[in-house]
**Q** 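Take this structure first; my questions come after.
Chain naming here is simple, since letters A, B, ... match the order of the sequence lines and numbering starts at 1 in each.
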Amino acid sequence: MTLELLLVLSAAAIASICVVLAGITVAAKADRTRRERTLASLAAEHRRPLLEISADEDEDGSALATLQGVSADEWVSLRPTVVGMLGKLRGAPVATLVRLLDHHGDIERARRDLTSHSSIRRARAAHLLGLARDEISAAALVPLLQDRSDDVRLVTARSLGRIGDPTCAAPLLDAVTGTHGRVGVPSWIVAEALLRLGTDIEPDICRGLVSPDPAVRGVAVTVTTFSTMPGALDVIRECLHFESDLVVKEKMIETLGRLGGPDDVSLILGYTGRYAPGALRRICVLALGSLGGPAATERLAAMLTEDDRGAAALAAFALATGGPAGSPLLDAAARQGARTARLVAAARHRASLSAVA
Amino acid sequence: MDGKGSVLVADDDEDIRELVTFKLTQAGYEVTAAPDGAAAWAAIDANPPAIALLDIMMPGLSGLDVLRKVRDDPRTANVPVILLTARSRDTDVDTGFEAGATDYVIKPFSPRELVHRVTSVLSRA
């Protein structure tokens, strides 16, 4: 066999393979398109009863009965829309859609799939049970907060938030801490989930505030900030001085600024000294501005002449927006020199703009 | 149809668009649906509705863009607008009201409650 013949045969073989692959691709695409059209057509037939259920207009239950009676193929075409609707609605239609899913075995299948070997199945199951607010599954979902798959842990945290069982607060907080070399569930996901569990979780949040892990303490502070937990606020007051993590300390001061009272001014004043970290000082300024009172305004006025221009500008703004007590202090500061006068003028201008907005 | 009024519903999510259209039609409103912001503004501009329901996150013109256009045009400035959106942060709600929204409904939502909001806004208009 000559070299030329060998080349011709090779080229012919490659061309044949390409033709076969192209044929397979076209056939697969055609098959997928045909299947999608069939599914869309099946789904379209049942659009009306699905809308009736979703719109809470199925008073006699006939739409639910119709969709409970569809064939397995028809259900395959409908199921994605039903699951999609669950995430977009609240109120009575959600319960009816869950009954429909339950009738077709999806809820029971999802409960079984929580222990599947496939992480995709576990994640999908956790997602569906969360959308269905399936309280029975809460206990079975908790172990998945330590799942080996990042996606499963994340989906589980969100689902537990949707289910709203307060007994899941402690494992949710624990999920922030990574174990076995895995990263923890992102703090904001856990905080959002915890905020959906109500105020009965206050004891868990108080324990979270004294956790050895600063990420857990940070989440506990965030939850305290956006809920009504006076006991947790007291723990923040007790722990502020001992907090070793600067970011958590900043969050704690921010929380006291938002939710605290006049007595908290003395706790914050200690962090406004010249040698405190700049970011911390600035958060203290904002907190003092929010809390107000003689001690706070006096300290803010003293900061107007500082070299830290950022802190001085924030102090001026806090005084300009903090009520009538700040006005004479700003007037007095403006008379102390051109630099302070400019600072005060800028703060008053910003305050007037924010008042208009 | 008992002629309660005309409603413009704009949402790029087909399920939501159809659902809201269905619910409001059942409640006696005359509904026009738009799949994006540009179509919504074109419909409002051509025939100002009694009330508009706008999703915020839509391709092209966002719901907030449409809302600002509605408020800037003297012919439509008084049309009540309800924002129906998944954006639930306080700052999002503030931005919506600052842009001129009459009411703000956060997804996931209750269709029944949405009809009550529409009725309530129209009764005050």
**Q** For B:Asp13, which atoms come within 4.5 Å of any heavy atom of chain A: side chain, backbone, both, or neither?
**A**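 Side chain only.
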
**Q** Pick from A:Leu86, A:Leu89, A:Asp56: which one has the most heavy-atom pairs with chain B under 4.5 Å?
**A**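 If we count pairs closer than 4.5 Å to chain B, A:Leu89 comes out on top.
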
**Q** Set out, in order, the CA-CA distance, both residues' side-chain angles and the distance that settles side chain to side chain contact (heavy atoms under 4.5 Å, CB included) for A:Met85 and B:Leu19, then state yes or no.
**A** CA-CA 10 Å; A:Met85 282 291 191; B:Leu19 170 63; 4.3 Å; yes

**Q** A side-chain contact here means heavy atoms from C-beta on lying under 4.5 Å apart; do A:Glu52 and B:Gln26 qualify?
**A**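 With C-beta onward as the side chain, the pair stays apart.
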
**Q** Considering only heavy atoms, which portion of B:Phe109 lies under 4.5 Å from any heavy atom of chain A: side chain, backbone, both, or neither?
**A**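 It is both, since atoms from each part get that close.
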
**Q** Quick one, A:Arg47 with B:Asp15, criterion side chain to side chain contact (heavy atoms under 4.5 Å, CB included). Give me CA distance, side-chain angles, the key distance, then yes/no.
**A** CA-CA 10 Å; A:Arg47 192 75 176 164; B:Asp15 290 339; 2.8 Å; yes

**Q** How would you list all residue pairs meeting side-chain hydrogen bond (donor to acceptor under 3.5 Å, both in side chains) that involve residues 127-137 of chain A, not counting sequence neighbours?
**A**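 Listed by first then second residue: A:Arg111-A:Asp134, A:Asp134-A:Ser137.
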
**Q** With a cut-off of 6.0 Å (strictly less than), are more than 12 heavy atoms of other residues, nucleotides or ligands near CZ of A:Arg124?
**A**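 No, not enclosed.
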
**Q** If you count the non-hydrogen atoms of other residues, nucleotides and ligands that lie under 6.0 Å from CZ in A:Arg99, is the total more than 12?
**A**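 Open: at most 12 neighbouring heavy atoms sit under 6.0 Å from CZ of A:Arg99.
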
**Q** Can you tell which of B:Pro111, B:Pro108, B:Ser110 has the highest number of heavy-atom pairs within less than 4.5 Å of chain A?
**A**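 Result: the option with the highest number of such pairs is B:Pro108.
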
